[in-house]
Engineer: 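Dropping a structure here in structure tokens format, bear with me for questions.
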Amino acid sequence: MSKNWELVLPHRCLLGEGPVWDADNKKIIWLDIMKGEIHQFSQPLAQHEVMSVGQTIGAIALKTSGGWIAALQHGFATIDMEKKTIEPIADPEEGLSKNRFNDGKCDPSGNFWAGTMDHINDESGAGNLYVLKKDLSISVRIKQVTCSNGMAWSLDHKTFYYIDSPTRQVVAYDFDVKHGVITNKKVIITIPVEEGYPDGMTIDREGMLWIAHWDGWKVSRWNPLSGKLIHQFLLPVARVTSCTFGGEAMNDLYVTSAYIGLNENDLQVQPLSGCLFVIRNCGFEGHAPFRFEG
């Protein structure tokens, strides 16, 4: 395997996920879902900070007013890293103790989308995809999903891309940016069985989708119009979970991974499982993440 990746730092997450680039502070932010930790790393300062939220955490996004919006085990909340405070908003699945939030992002209008899954029994269709609007109201957008994962919006904001991992598919919906409504679902990409499951996802400045492969040892670049694979970067770990662009020129690709569920033999073969990687000057550029405007 040609080595085009770097290790950001040696810390290993049980289930690393949800990377977000904070351009204002030149930090990469990511999560350890099962340990309930938010991680920040400042490349210029080589400084690693960790905040524990005391419950599983599936996704975070930057807020225009500062701080983060988050999807936690017990619902949506705002988080202030400096003050180490968590302010609950609402839990759309209160009483569903087996479910947790798994992935989420902000849309071009500044609303926060996040999906749930059954993390105890992996029950099929137990989760839902929600949108937390700027007025803090919550609506369901997709019902009966199994493992809600990668999300992205097309460059013209007219298409929403989404992954329910066990389907091995990326689907596209027509997206109404004004009302945050999705319609007309269609399958645009199918991941071959031997290449693992599609997990987290991002989009580059050419409108191509980047997909992390759980049990697939890579991140891949796809044309959403043709459904064709056009590039890939191999990694030294099987459980690749998500990816995002960052850095001064937005041409560094940050990649999270996990070691949850691996045995001793697996870990001997892939000792860096759970680490955060970066592919610097990867040859492609992304854009800054959308922020929550509530």
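Model, not experiment: these values are computed from the prediction. Numbers here simply count residues along the sequence, with the first being 1.
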Engineer: For a 4.5 angstrom cut-off between non-hydrogen side-chain atoms, does K27 reach E49?
Structural biologist: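 Side-chain contact under 4.5 Å: yes.
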Engineer: How close do I60 and V20 get, counting heavy atoms only, and between which atoms?
Structural biologist: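 Smallest heavy-atom distance, with atoms named: O-CG2, 3.6 Å.
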Engineer: Taking all atoms of both residues into account, what is the closest heavy-atom pair of N223 and L225, and its distance?
Structural biologist: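 Scanning both residues completely, I find the closest heavy atoms to be OD1-N, 2.8 Å.
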Engineer: L209 and A152: which non-hydrogen atoms are nearest, and at how many Å?
Structural biologist: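 Result for this residue pair: CD2-CB, 4.1 Å.
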Engineer: Check D91, T56, T116 against Q73 for a side chain to side chain donor-acceptor pair (under 3.5 Å) and give me the one that passes.
Structural biologist: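 Answer after filtering D91, T56, T116: T56.
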Engineer: Is the shortest side-chain N to carboxylate O distance from E293 to K63 below 4.0 Å?
Structural biologist: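 Salt bridge flag = no for K63 with E293.
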Engineer: Go through the structure and list residues passing side chain to side chain contact (heavy atoms under 4.5 Å, CB included) with S242, not counting sequence neighbours.
Structural biologist: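 E17, P19, T256.
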Engineer: Can you list every ring pair (Phe, Tyr, Trp, His ring centres under 6.0 Å) pair that touches residues 116-148, not counting sequence neighbours?
Structural biologist: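 Passing the test, one end in residues 116-148: no pairs.
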Engineer: Is Q55 reaching over with its side chain to a backbone N or O of H74, donor-acceptor style, under 3.5 angstrom?
Structural biologist: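 At least one qualifying donor-acceptor pair exists.
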Engineer: Tell me yes or no: between the side chains of N128 and E93, is some donor less than 3.5 Å from an acceptor?
Structural biologist: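 Their side chains do contain a donor-acceptor pair, which is all the 3.5 Å distance test asks for.
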Engineer: By the definition side chain to side chain contact (heavy atoms under 4.5 Å, CB included), identify the one residue from P166, S165, S148, C147 that meets it with M117.
Structural biologist: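 Single pass found, and it is C147.
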Engineer: Report yes or no: does R141 contribute a side-chain atom to a donor-acceptor pair with the main-chain N or O of G180 at less than 3.5 Å?
Structural biologist: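 Indeed, once roles are kept as given, a pair shorter than 3.5 Å links the two residues.
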Engineer: Considering residues, nucleotides and ligands other than K218, do more than 12 of their heavy atoms fall under 6.0 Å from its NZ?
Structural biologist: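 Buried by this count: over 12 neighbours within 6.0 Å.
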Engineer: Report yes if the side chains of K185 and F160 come closer than 4.5 Å at any heavy-atom pair, otherwise no.
Structural biologist: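 Answer no - side chains too far apart.
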Engineer: What pair of heavy atoms forms the shortest contact from L7 to W5, and how long is it?
Structural biologist: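 Nearest heavy atoms, L7 then W5: N-CE3, 4.1 Å.
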Engineer: Do the side-chain N and O atoms of N99 and D118 include a donor-acceptor pair separated by under 3.5 angstrom?
Structural biologist: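 There is no such pair (donor and acceptor under 3.5 Å, judged by atom type) between the side chains of N99 and D118.
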Engineer: Can you tell me if K35 uses its side chain to pair, donor with acceptor, with the backbone of D32 under 3.5 Å?
Structural biologist: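 No; judged by distance alone, with no hydrogens or angles, the pair does not exist.
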Engineer: What are the two closest non-hydrogen atoms of I203 and S154, and how far apart are they?
Structural biologist: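 Minimum heavy-atom separation between I203 and S154: CD1-CA, 4.0 Å.
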Engineer: Return yes when atom CD of E194 has more than 12 non-hydrogen atoms of other residues, nucleotides or ligands closer than 6.0 Å, and no otherwise.
Structural biologist: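 Yes.
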Engineer: Side-chain contact, heavy-atom cut-off 4.5 Å: Y162 with V145?
Structural biologist: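 A side-chain contact under 4.5 Å exists here.
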Engineer: So do the side chains of D174 and K158 get within less than 4.5 Å of each other, counting heavy atoms only?
Structural biologist: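 A side-chain contact under 4.5 Å is absent here.
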Engineer: Evaluate the side-chain proximity of W210 to F233: yes if any heavy-atom separation is below 4.5 Å, no if none is.
Structural biologist: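 In short, these two side chains touch, coming nearer than 4.5 Å.
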Engineer: Tell me if a side-chain donor or acceptor on D80 pairs with a main-chain N or O of K84 at a distance below 3.5 Å.
Structural biologist: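 Side chain of D80 to backbone of K84: no pair is present.
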Engineer: Flag yes if F41 and V50 sit in one hydrophobic cluster, no otherwise; membership is Ile, Leu, Val, Met, Phe, Trp, Tyr, and two members link when side-chain heavy atoms are under 4.5 Å apart.
Structural biologist: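 No.
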Engineer: Within the structure provided, determine whether I279 and F277 are in side-chain contact (heavy-atom separation under 4.5 Å).
Structural biologist: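 In short, these two side chains do not touch, never coming nearer than 4.5 Å.
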Engineer: Would you say S220 and H213 make side-chain contact, with heavy atoms under 4.5 Å?
Structural biologist: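 Yes. Closest side-chain heavy atoms under 4.5 Å.
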Engineer: Is there a donor in the side chain of Y197 and an acceptor in the side chain of R168, or the other way round, less than 3.5 Å apart?
Structural biologist: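 R168 and Y197 do have a side-chain donor-acceptor pair below 3.5 Å.
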Engineer: Taking the side chain as everything from C-beta on, heavy atoms only, tell me whether D199 gets closer than 4.5 Å to V240.
Structural biologist: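 A side-chain contact is absent here, since even the closest heavy-atom pair is not under 4.5 Å.
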Engineer: Using 0.5 Å steps for rounding, measure from the CG atom of D252 to the CD atom of E285.
Structural biologist: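 The CG atom of D252 sits 10.5 Å away from the CD atom of E285.
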Engineer: Rounded to the nearest 0.5 Å, how far apart are CD1 of I69 and CG of L136?
Structural biologist: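 Rounded to the nearest 0.5 Å, the CD1-CG separation comes out at 7.0 Å.
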Engineer: Provide the closest heavy-atom pair for L62 versus D22 in the form atom of the first, atom of the second, distance.
Structural biologist: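 Minimum heavy-atom contact is CD1-CA, 4.0 Å.
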Engineer: Going by the rule ring-ring contact (aromatic ring centres under 6.0 Å, His included), which residues pair with F290 if we only count those two or more places apart in sequence or in a different chain?
Structural biologist: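 Residues passing ring-ring contact (aromatic ring centres under 6.0 Å, His included) with F290: H157, H287.
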Engineer: What pairs with F101 under ring-ring contact (aromatic ring centres under 6.0 Å, His included), at least two apart in sequence or on another chain?
Structural biologist: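 With neighbours one apart ignored, the set is F76.
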Engineer: Identify whether the distance between the nearest side-chain nitrogen and carboxylate oxygen of E123 and K98 falls below 4.0 Å.
Structural biologist: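 K98 and E123: not salt-bridged.
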Engineer: Can you list everything that forms a ring-ring contact (aromatic ring centres under 6.0 Å, His included) with H48? Sequence neighbours excluded, please.
Structural biologist: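 If we apply the ring-ring contact (aromatic ring centres under 6.0 Å, His included) test to H48, skipping adjacent residues, the hits are H11, W30, H39.
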Engineer: Determine all donor-acceptor pairs shorter than 3.5 Å in which one atom belongs to a side chain in residues 105-113; sequence neighbours excluded.
Structural biologist:
from	atom 1	to	atom 2	distance (Å)
K105	NZ	M151	O	3.1
K105	NZ	M201	O	2.3
D107	OD1	S109	N	2.8
D107	OD1	G110	N	3.0
D107	OD1	N111	N	3.0
D107	OD2	N111	ND2	3.3
D107	OD2	W113	NE1	2.8
S109	OG	V177	O	2.7
N111	OD1	K134	N	3.1

Engineer: Can you check whether F292 and W68 have ring centres sitting under 6.0 Å from each other?
Structural biologist: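 They do not qualify: ring centres at least 6.0 Å apart.
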Engineer: What verdict does the side-chain hydrogen bond (donor to acceptor under 3.5 Å, both in side chains) test give for D164 and N149, after you've listed the backbone C-alpha separation in whole Å, the side-chain angles of each residue and the deciding distance to 0.1 Å?
Structural biologist: CA-CA 6 Å; D164 183 359; N149 253 315; over 6 Å; no
Engineer: Distance to the ring centre below 6.0 angstrom and angle to the axis at most 45 degrees; does that hold for R205 and F284?
Structural biologist: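 No.
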